[in-house]
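Below, read A as the first sequence line, B as the second, and so on, with proteins coming before strands; counting in each chain starts at 1.
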Protein chains: 4
Amino acid sequence: MEPKLTIDEKKKIKRSTILNAAIKLYSENGFAETKVAEIAKEAGVSFGTVFTYFDSKEALYESVFLEPLEEIKTYFIEIEKHFKGEPLEVVKEMIDCHVQLFSMRNEYLRIIQQVLARPDRFPKLFNELNDFVNGFIVSIHPVIEAGQRLGYFYEEPTSLIAKSYLSILNGMRLTFVDESTSMMWKEITRQALRLFGPITNKG
Amino acid sequence: MEPKLTIDEKKKIKRSTILNAAIKLYSENGFAETKVAEIAKEAGVSFGTVFTYFDSKEALYESVFLEPLEEIKTYFIEIEKHFKGEPLEVVKEMIDCHVQLFSMRNEYLRIIQQVLARPDRFPKLFNELNDFVNGFIVSIHPVIEAGQRLGYFYEEPTSLIAKSYLSILNGMRLTFVDESTSMMWKEITRQALRLFGPITNKG
Amino acid sequence: MEPKLTIDEKKKIKRSTILNAAIKLYSENGFAETKVAEIAKEAGVSFGTVFTYFDSKEALYESVFLEPLEEIKTYFIEIEKHFKGEPLEVVKEMIDCHVQLFSMRNEYLRIIQQVLARPDRFPKLFNELNDFVNGFIVSIHPVIEAGQRLGYFYEEPTSLIAKSYLSILNGMRLTFVDESTSMMWKEITRQALRLFGPITNKG
Amino acid sequence: MEPKLTIDEKKKIKRSTILNAAIKLYSENGFAETKVAEIAKEAGVSFGTVFTYFDSKEALYESVFLEPLEEIKTYFIEIEKHFKGEPLEVVKEMIDCHVQLFSMRNEYLRIIQQVLARPDRFPKLFNELNDFVNGFIVSIHPVIEAGQRLGYFYEEPTSLIAKSYLSILNGMRLTFVDESTSMMWKEITRQALRLFGPITNKG
DNA sequence: TATGAATGAGTGTTCATTCAT
DNA sequence: GATGAATGAACACTCATTCAT
């Protein structure tokens, strides 16, 4: 018995197929060097169909960027909702979660890097990222402050700690393109934590 | 008295003018969205002249990438030649130097990020960067080891420390696109140092 | 009542329109001096369309050369199928047919000459012509031999007769570019026949 | 002792070097696909020098075509000056001479074919060839007529015989691109002669 | 809704020609 | 006279987008 899907569900699935094909190819080839025809082929549809679901190549890129961002955002904005406990524990868990997220969403992260590298080309998307960063700074602020009060974290401006943490997250993706052993992620987590406070004991 | 330049000197200057124009535009617009005609205009020459000095748009991009890399390399490979003293001092000075370098070579760093984001598109250049990273790891190794023996640095694999340091350097450029107060660079330096060992005192 | 054409039929027609325009212009202007835009204009399509039907200017030239050759081949290879009777009759009819063919396919013959004039530039096409010539030599061989046995034809190697016949056919096209009276073709036929054997009586 | 050359002689030699390089390359690559820079390289001069001796690429092509033609002309126009004796002997010797000429001036003949193939592109040069053909027809006329009166030659219009003879000469160059045994030239000579009259005995 | 043929603006590259040295 | 750097018109080809079927 084949599953009965409503027309709307079918459309949603096809749209999503195209979107995923686009994420893959945009991340590999960049905006300019990705051809709509290739996306269509990857998605298994005719390239006319791409334009049925997305107004233009540009609009598709925006969707590719914005839609996954919403999901990722929750792990960066609603920190105290996702991670509970002592500040040190919260930060540890958060870093674990983010590092795992970044290691899994490899392709999507390249899209982010592309946008970061071209602020003038993608101003709308770039501003979304700025908002994202600022939202994270605001959101992580009480956690760091609490940690500082308890003497766990460095007495730095919380925004500096937040930004340097985002830097290392982003930078790792650039610097460790090929490596992806779970081992490594564990170690990286430890190094990221050291931007918050001195962690001398191993493990 | 007008300066007398030999033909060879003139050619060198013109080549360099084109190269600099190319760095500017490639970094702003990426490889694909930079037009050779724009580079020519920026350099103040006809676009035919660009092809007198560089075989193709691609070859120009390679030169744009490789030539400044040679210069930057010296500050990452010949560490003990540039920075002397106690391990902690060496690392502090090195980070200062690198952060300053990165803040000054803003445009060139975008080129590096473009290459990092497209390993399959620019395999030759990407491998150059890999060599660069490995060279740095080898070169920094004795310094970190000495610091570890003195109890200043974390007991981590030196390659992990080196890589996480490169990550934050790279990531900063992505995360702090617009900001460039000297204040900030000072603070960043401190955070970078914390990947090597616990630095609790300010300044 | 307008004719209902399937999409495939329409495509075939359009392809053929482009091919014919290309034959005309390539024959007039040669490969290098024919612009794809001109072919498109002559065919009444946009030049983008030319690339929908042919991969490149070069591929179009190959099609222009190869496709009509197939048709012409039949009159040179399947000689005993097309022309029946006494050897002398066969050759007379064959020459008539070939001369007529050559006078009608004026444009196409120039393409052949271009290829003959540039063996290194069009090696694939040139080899096709070589095969064609050799096929003719083999095919005409029994006819000439029979004629020789009957005493009608010169006792020369059949390949020499065949080649000299092809030479005069080809050469006529070069030497008599402008002339095309039916009178002339009749006379030429007679001269061609004289390469096979002595024809002293007029008409 | 090195030979002392006047400046004028040196110039003549250099001009001739360029001209010969041009014959070689134009014949191989055609007008459009031959680059002036290549001709210069082949001649061992800078390409600026080519323009010192010839006004333009086009003018060089004209010289390449016209200057050797003058030399060849003499063997086609001044027939009775070069070849003496009975009409049959004159024609035999002439054909020998022409065939030899054509087999030696391979490259130049390709230039002629290029011009013949593009009457509209090279009208001036094409007309030169027309004049050449007509000159030959006029010049050979009395010889053929004499041969006809003696019963050696076919009773065809002398212009037809002349033209068909030129056709086979030209065509051979096209049809036998690669072959060049002296054997073959001997045989071809015999076939060419058969356009004038019936030659049944071998040798 | 899905398709893919048609379109033509846009771009890298070539190369004859000029001209300052 | 000889050179070759500079120029820019010209052209093949790509590809996003449209639209008839």
Side-chain angles (χ1 to χ4, degrees), chain A residues 7 10-11 14 31-41 44-60, chain B residues 4-8 10-11 14-15 18 31-40 44-60, chain C residues 4-8 10-11 14-15 18 31-40 43-60, chain D residues 7 10-11 14-15 31-41 44-60:
Chain A
I7 292 179
K10 273 192 206 163
K11 279 167 70 177
K14 192 167 268 189
F31 176 77
E33 292 184 47
T34 301
K35 290 147 213 161
V36 175
E38 285 172 355
I39 294 173
K41 200 180 173 190
V45 301
S46 89
F47 70 84
T49 304
V50 175
F51 289 97
T52 307
Y53 288 88
F54 301 92
D55 280 351
S56 67
K57 187 185 174 183
E58 192 102 15
L60 174 54
Chain B
K4 288 275 178 193
L5 296 173
T6 66
I7 289 178
D8 261 25
K10 273 193 205 165
K11 279 169 69 175
K14 190 163 274 190
R15 188 181 184 282
I18 295 170
F31 177 76
E33 293 184 46
T34 301
K35 290 143 215 155
V36 175
E38 285 170 358
I39 294 173
V45 300
S46 89
F47 71 83
T49 303
V50 174
F51 289 98
T52 306
Y53 287 87
F54 300 92
D55 280 349
S56 65
K57 186 184 174 182
E58 191 102 15
L60 175 53
Chain C
K4 289 276 179 194
L5 296 173
T6 66
I7 290 178
D8 261 25
K10 273 193 203 164
K11 280 169 69 176
K14 190 163 274 188
R15 188 181 184 284
I18 295 170
F31 177 76
E33 292 185 46
T34 301
K35 289 142 214 156
V36 175
E38 286 171 358
I39 293 173
V45 301
S46 88
F47 74 84
T49 302
V50 174
F51 290 98
T52 305
Y53 288 87
F54 301 92
D55 280 349
S56 65
K57 185 184 174 183
E58 191 102 15
L60 174 54
Chain D
I7 290 179
K10 273 193 207 165
K11 281 167 68 176
K14 191 166 271 190
R15 188 181 184 284
F31 176 76
E33 292 185 46
T34 300
K35 290 146 212 159
V36 174
E38 285 171 358
I39 294 173
K41 200 179 170 191
V45 299
S46 89
F47 68 85
T49 304
V50 174
F51 289 97
T52 307
Y53 289 87
F54 301 92
D55 280 349
S56 67
K57 187 184 174 183
E58 192 101 16
L60 174 54

### Task
Evaluate the side-chain proximity of A:Ile39 to A:Phe47: yes if any heavy-atom separation is below 4.5 Å, no if none is.
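Not in contact.
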### Task
Name the residue closer to the 5' end of DNA chain F, choosing between C:Lys10 and B:Tyr53 according to the nucleotide with the nearest heavy atom.
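Its nearest nucleotide being more 5', the pick is B:Tyr53.
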Take atom [atom1] of [X] and atom [atom2] of [N], then tell me their distance rounded to the nearest Å.
X       : N      : atom1 : atom2 : answer
B:Lys35 : E:dT11 : NZ    : P     : 4 Å
B:Asp8  : F:dA5  : CG    : C1'   : 12 Å
B:Arg15 : F:dA6  : CZ    : C1'   : 17 Å
B:Ile39 : E:dT11 : CD1   : P     : 12 Å
D:Ile7  : F:dG1  : CD1   : C1'   : 9 Å
C:Glu33 : E:dC15 : CD    : P     : 13 Å
C:Lys11 : E:dT3  : NZ    : C1'   : 11 Å
C:Phe54 : E:dA6  : CZ    : C1'   : 15 Å

### Query
Sub-3.5 Å donor-acceptor pair from the side chain of A:Lys57 to the main-chain atoms of A:Phe31, do we have one?
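Pair found, side chain donor or acceptor close to backbone of A:Phe31.
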### Which nucleotide in E:dA16, E:dA6, F:dA16 has an atom nearest any side-chain atom of A:Lys57
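Selected nucleotide: F:dA16.
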### Query
Whom does F:dT17 pair with, Watson-Crick or G-U wobble, provided both distances fall under 3.5 Å?
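WC or wobble partner is E:dA6.
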### Task
Please test C:Thr52 against C:Thr49 for side chain to side chain donor-acceptor pair (under 3.5 Å), starting from the C-alpha separation and ending with a verdict.
CA-CA 5 Å; C:Thr52 305; C:Thr49 302; 5.0 Å; no
### Query
Under 4.0 Å between a side-chain N/O of D:Lys14 and OP1 or OP2 of F:dG1, yes or no?
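Negative; the distance criterion is not met.
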### Message
I need the residues from residues 45-52 of chain A with at least one non-hydrogen atom less than 4.0 Å from DNA chain F; give them sorted by number, or say none.
### Response
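Listed by number, they are A:Phe47, A:Phe51.
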### Query
What pair of heavy atoms forms the shortest contact from B:Glu33 to B:Glu38, and how long is it?
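Looking at all heavy atoms of both residues, the closest pair is O-OE1, 4.3 Å.
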### Task
Cation-pi check, B:Lys11 to B:Tyr53: give yes when NZ or CZ is under 6.0 Å from the six-membered ring centre and within 45° of the ring axis, no otherwise.
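Judged by the rule, B:Lys11 and B:Tyr53 form no cation-pi pair.
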#### Entry: Rounded distance [0.5 Å steps], CG in C:Leu60 versus CD1 in C:Ile18
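Result: 8.0 Å between the selected atoms.
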